[in-house]
Enquirer: 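The structure follows.
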Amino acid sequence: MSMKKVVVFILVICLTTHIKAQNRDITSAGDIIQIALPAAALTTAFIYDDDGSKPVKQFIFAYGSGFILQQSLKHLVHKPRPDGSNNYSFPSGHTTCAFTGAAFIQRRYGWKYGVPSYILASFVGYSRIQAQKHDGWDVLAGATIGIGTNYIFTKPYQKKVQVGFINDQNGYQLGLTYTF
């Protein structure tokens, strides 16, 4: 399964939810996406584990450290939620989770797949604000944690063999690169 198919699958899930419907539908879509993004990231780590960089381990470290940091901050800061519920608000766990998945995809496979992933993760942040579970600072902190942990633990995917073709004024060149 190609990375493009995984991203298209996630987009289809998002687009089939009625985003213009009631606020609870937006909240539900955000709840689904905050699980779907890291699940897609972990799935790709299993599928594209041929470059020797142990992407599953990278994902687990990024996700685990992000979760621990996010939960620690919640219990240290004790910021109440905007809706007055009993749980703590800062930082947003949903947003941390979503941005951890999106940042892993972007870091590992590039911006081509990272942009749609970040758009989906941003929707999760929006859904948390519209549900009055978080404010902008909570969402920004969650996004920062998700992105930051990936920049610490995730390495870009390195294809072992790359083929290039160049046409210049002197003729044609075919290049082959093998990465050890």
Side-chain angles (χ1 to χ4, degrees), residues 1-19 21 23-74 87-89 91-131 133-134 138-159:
M1 180 182 236
S2 73
M3 185 66 184
K4 191 173 188 177
K5 288 180 183 177
V6 171
V7 172
V8 169
F9 174 74
I10 293 170
L11 287 173
V12 168
I13 289 173
C14 295
L15 294 176
T16 57
T17 56
H18 303 286
I19 295 174
N23 285 343
R24 74 170 187 247
D25 290 339
I26 293 172
T27 303
S28 296
D31 291 344
I32 292 166
I33 296 167
Q34 70 104 9
I35 295 168
L37 273 172
L42 184 58
T43 301
T44 62
F46 279 111
I47 293 170
Y48 296 104
D49 189 12
D50 61 350
D51 67 344
S53 66
K54 301 180 182 173
V56 173
K57 185 177 177 181
Q58 292 174 24
F59 177 81
I60 290 170
F61 281 177
Y63 191 88
S65 62
F67 177 79
I68 290 168
L69 180 58
Q70 174 262 129
Q71 285 295 311
S72 298
L73 285 171
K74 275 189 185 292
N87 296 328
Y88 299 126
S89 178
S92 168
H94 280 65
T95 307
T96 300
C97 185
F99 273 90
T100 299
F104 181 86
I105 291 168
Q106 179 270 312
R107 250 331 246 157
R108 187 100 173 109
Y109 308 109
W111 284 104
K112 179 179 178 182
Y113 304 108
V115 169
S117 299
Y118 279 128
I119 290 169
L120 292 172
S122 297
F123 176 80
V124 172
Y126 164 76
S127 75
R128 302 307 288 163
I129 292 171
Q130 72 80 32
K133 298 293 183 184
H134 296 285
D138 303 336
V139 168
L140 181 62
T144 302
I145 291 168
I147 294 168
T149 56
N150 273 286
Y151 271 79
I152 293 169
F153 293 109
T154 306
K155 294 182 174 92
Y157 177 68
Q158 297 295 322
K159 296 179 184 176

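For reference, positions follow the sequence shown, starting with 1.
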Enquirer: Could you tell me which non-hydrogen atom of Gly125 sits nearest to which non-hydrogen atom of Thr95, and how far apart they are?
Expert: CA-OG1, 3.7 Å

Enquirer: Counting C-beta onward and ignoring hydrogens, is there a side-chain heavy-atom pair between Phe104 and Thr44 closer than 4.5 Å?
Expert: yes

Enquirer: Could you measure the distance from the NE2 atom of His134 to the CG atom of Asn87? Nearest 0.5 Å is fine.
Expert: 9.0 Å

Enquirer: Looking at every heavy atom in both Ala62 and Asn150, which two are closest together, and how far apart are they?
Expert: CB-OD1, 3.6 Å

Enquirer: State, with a plain yes or no, whether a side-chain heavy atom of Arg128 is found less than 4.5 Å away from one of Asp138.
Expert: no

Enquirer: What is the distance from atom CD of Gln34 to atom OG of Ser127, rounded to the nearest 0.5 Å?
Expert: 8.5 Å

Enquirer: For Tyr151 and Gln106, does a side-chain donor sit closer than 3.5 Å to a side-chain acceptor?
Expert: yes

Enquirer: So, for Ala45 and Tyr109, which heavy atoms are closest and what is the spacing to 0.1 Å?
Expert: N-OH, 3.8 Å

Enquirer: Which value, rounded to the nearest 0.5 Å, describes the distance between Thr154 atom OG1 and Arg107 atom CZ?
Expert: 7.0 Å

Enquirer: About how many Å separate CG of Leu42 and CD of Gln58, when rounded to the nearest 0.5 Å?
Expert: 12.0 Å

Enquirer: Tyr126 vs Phe123 aromatic rings, parallel, tilted or perpendicular, using cut-offs 30° and 60°?
Expert: tilted

Enquirer: Where the side chain of Lys155 meets the backbone of Arg108, is there a donor-acceptor pair that is under 3.5 Å apart?
Expert: no

Enquirer: How far does OG1 of Thr96 sit from CD1 of Ile145, to the nearest 0.5 angstrom?
Expert: 4.5 Å

Enquirer: Report the distance from atom CD1 of Ile60 to atom CZ of Phe67, rounding to the nearest 0.5 Å.
Expert: 14.5 Å

Enquirer: Quick one: closest heavy-atom pair of Ala103 and Gly146, and the distance?
Expert: CB-O, 3.9 Å

Enquirer: Sort out for me which residue in Ser117, Pro116, Pro38 forms a side-chain contact (heavy atoms from CB on, under 4.5 Å) with Ile105.
Expert: Ser117

Enquirer: Could you tell me if the side chain of Phe99 sits less than 4.5 Å from the side chain of Ser122, heavy atoms only?
Expert: yes

Enquirer: With a 4.5 Å limit on heavy-atom distance, are the side chains of Tyr118 and Trp111 in contact?
Expert: yes

